[in-house]
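Following: one structure in structure tokens, then a few remarks.
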There are 2 protein chains.
Amino acid sequence: MLGPSDDLQLDDLIVAAIRRLMRAVDLHSRRLAEECGLTGPQLATLREVDRRRSVSASTLARSVHLSGATMTGILNRLEKRGLVARTRGEQDRRTILVSATDLGQAVLARAPSLLQDEFRERLERLEAWEQLMMLANLQRIASMMDAEALDAAPHLIVEPPDATNERLPSEPPVSPGDDAFRHN
Amino acid sequence: MLGPSDDLQLDDLIVAAIRRLMRAVDLHSRRLAEECGLTGPQLATLREVDRRRSVSASTLARSVHLSGATMTGILNRLEKRGLVARTRGEQDRRTILVSATDLGQAVLARAPSLLQDEFRERLERLEAWEQLMMLANLQRIASMMDAEALDAAPHLIVEPPDATNERLPSEPPVSPGDDAFRHN
DNA sequence: GGCAGATTCTTCGTATGCAAAGCAAATTGA
DNA sequence: TCAATTTGCTTTGCATACGAAGAATCTGCC
């Protein structure tokens, strides 16, 4: 372990790195907006809407880790551009079911990644174990900071080399009901 | 390396982890605001103002990795509460020199860390090499995403309260590979 | 001196992002 | 059955965040 003075150093460095990362994400979001007309959160939301066929707004919010209020604003902008459609739920008329329009899917097909190309290229040049280590560390930090928010979902564990990593064991494949976020 | 389909998975997991991290930071910022009256960016700014004795607004913005426009808003709120004071530069009357008031220093002395206590406790329980690995990975990711912004310098060492307004790239150059493991 | 260009900060417009309050629909309980 | 609660979304208020444009100032060149 480190002494208290070193801990202060460590804290500051972590804070600085996180701030740098957040800024980079924000800047890339604005660049996305210029290039394809969608900001980062909008693109992430549209992708998730398209992946699942028809989702409630709250489920959507949880999937992309946003509050419901923020999701409302994003959906408003997406809807205003005709990229998604809002429908009232049949059985439960409180819920709003969101679905991607044809235009939305078309835009999505042309949209770039949520990560900068530069970053992806650099990442691709790394060895697989390095990629997984970085992901694991990122997830670990997220979990450590997220913990107070009660997320029981286990995340990526870097397995010894014999595990067949066809699919990384984090988010389950689409199954629309079991959201992995069931804390009520 | 991983195949293209796994890369897509990797991208998505990284995006999700980053989003989770950003949300956690935001939530902690709001908690800070309730507890000590200062949000995360405000506290970070006030700390930096106090550390250096008197800084220009632009230097401050670069130090905490914010744009000048954002810094203006934060300084407005800090000034309105009497925590910092703005003064015109003597030689260069374009610059705004920011300094912490007595009240600002008093508030600062009582303010908690920018990181959640939960996170810090968890971090402290880890071995030193693990702490450094996590920091190094975080800095590496930040650098990889930051690179396009020409910043390129992962500042491992917290700069001394130099007060001399340094020019552009500013941050002490550190070879990007071993940045986390340089003790001095 | 005097003016063109650069630099510094502020203002404006837009998009996140959250909590809390508000509203409507569904569920529960007596 | 119908009031009380819960649930799902929207609205409101505030604080980031950014770029672009504007105002004030400085610098260099003549």
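To find a chain, count down the sequence lines: A is the first, B the second, and so on, and within it residues start at 1. Worth saying up front: this structure is predicted, and the values here are computed from it rather than measured.
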If you assign A:Thr95 and A:Glu34 each to the DNA chain D nucleotide with the nearest heavy atom, which residue ends up on the more 5' nucleotide?
A:Thr95
Side chain to side chain donor-acceptor pair (under 3.5 Å) against B:Asn137, all qualifying residues, sequence neighbours excluded:
none
Describe the nucleic acid contact of A:Ser56 in one word from base, sugar-phosphate, nothing, applying a heavy-atom distance below 4.0 Å.
sugar-phosphate
Within residues 70-94 of chain B, find the residues that approach DNA chain C with a heavy atom at under 4.0 Å, and present them sorted by residue number.
B:Thr72, B:Arg86, B:Arg94
With B:Thr39, which residues qualify under side chain to side chain donor-acceptor pair (under 3.5 Å), at least two apart?
none
State whether B:Gln42 places a side-chain N or O below 4.0 Å from either non-bridging phosphate oxygen (OP1 or OP2) of D:dA15.
no
Atom CG of B:Leu21 to atom P of C:dG17: distance rounded to whole Å?
13 Å
Tell me, with the steps shown, if B:Met71 and B:Ser67 meet side chain to side chain contact (heavy atoms under 4.5 Å, CB included).
CA-CA 6 Å; B:Met71 183 51 69; B:Ser67 76; over 6 Å; no
Whole-Å distance, A:Leu97 CG to D:dC9 C1', equals 12 Å
Are any of the side-chain nitrogens in A:Glu34 or A:Arg31 under 4.0 Å away from the carboxylate oxygens of its partner?
no
Let me know the distance between CD1 of B:Ile96 and C1' of D:dT25, rounded to the nearest Å.
11 Å
How would you list, by chain and number, every residue that makes a side-chain contact (heavy atoms from CB on, under 4.5 Å) with B:Ser113, sequence neighbours excluded?
A:Asp11, B:Leu115, B:Arg120
Which salt bridge (Lys or Arg N to Asp or Glu O under 4.0 Å) pairs, counting each pair once, include a residue from residues 82-93 of chain B, with sequence neighbours left out?
B:Glu79-B:Arg86, B:Asp92-B:Arg94
Taking CZ from B:Arg20 and P from C:dG17, how many angstroms apart are they, rounded to a whole number?
16 Å
Separation of D:dT16 C1' from B:Leu27 CG (nearest whole Å)
14 Å
At what angle, to 10 degrees, do the two end axes of the helix from C:dG1-D:dC30 to C:dA30-D:dT1 meet, given five pairs define each axis?
10°
Qualifying residues under salt bridge (charged side-chain N to carboxylate O under 4.0 Å, His left out), relative to A:Asp26, sequence neighbours excluded
A:Arg30
Between P on C:dA15 and CG on A:Leu66, what's the gap in Å once rounded to a whole number?
16 Å
From D:dA17, C:dC18, D:dC18, nucleotide with atom closest to B:Ser67 side chain
D:dC18
Pairwise 5' ranking along DNA chain C for A:Arg30 and B:Asp26, keeping only the more 5' one:
A:Arg30
Euclidean distance, atom CG of residue B:Leu60 to atom P of C:dT8 [Å, nearest integer]
14 Å
Sequence-distant partners of A:Glu35, salt bridge (charged side-chain N to carboxylate O under 4.0 Å, His left out), two or more places apart:
none
Which part of the nucleic acid does B:Ala69 contact within heavy-atom distance under 4.0 Å: base, sugar-phosphate only, or nothing?
base
Salt bridge (charged side-chain N to carboxylate O under 4.0 Å, His left out) involving A:Arg140 - partner list, sequence neighbours excluded:
B:Glu130
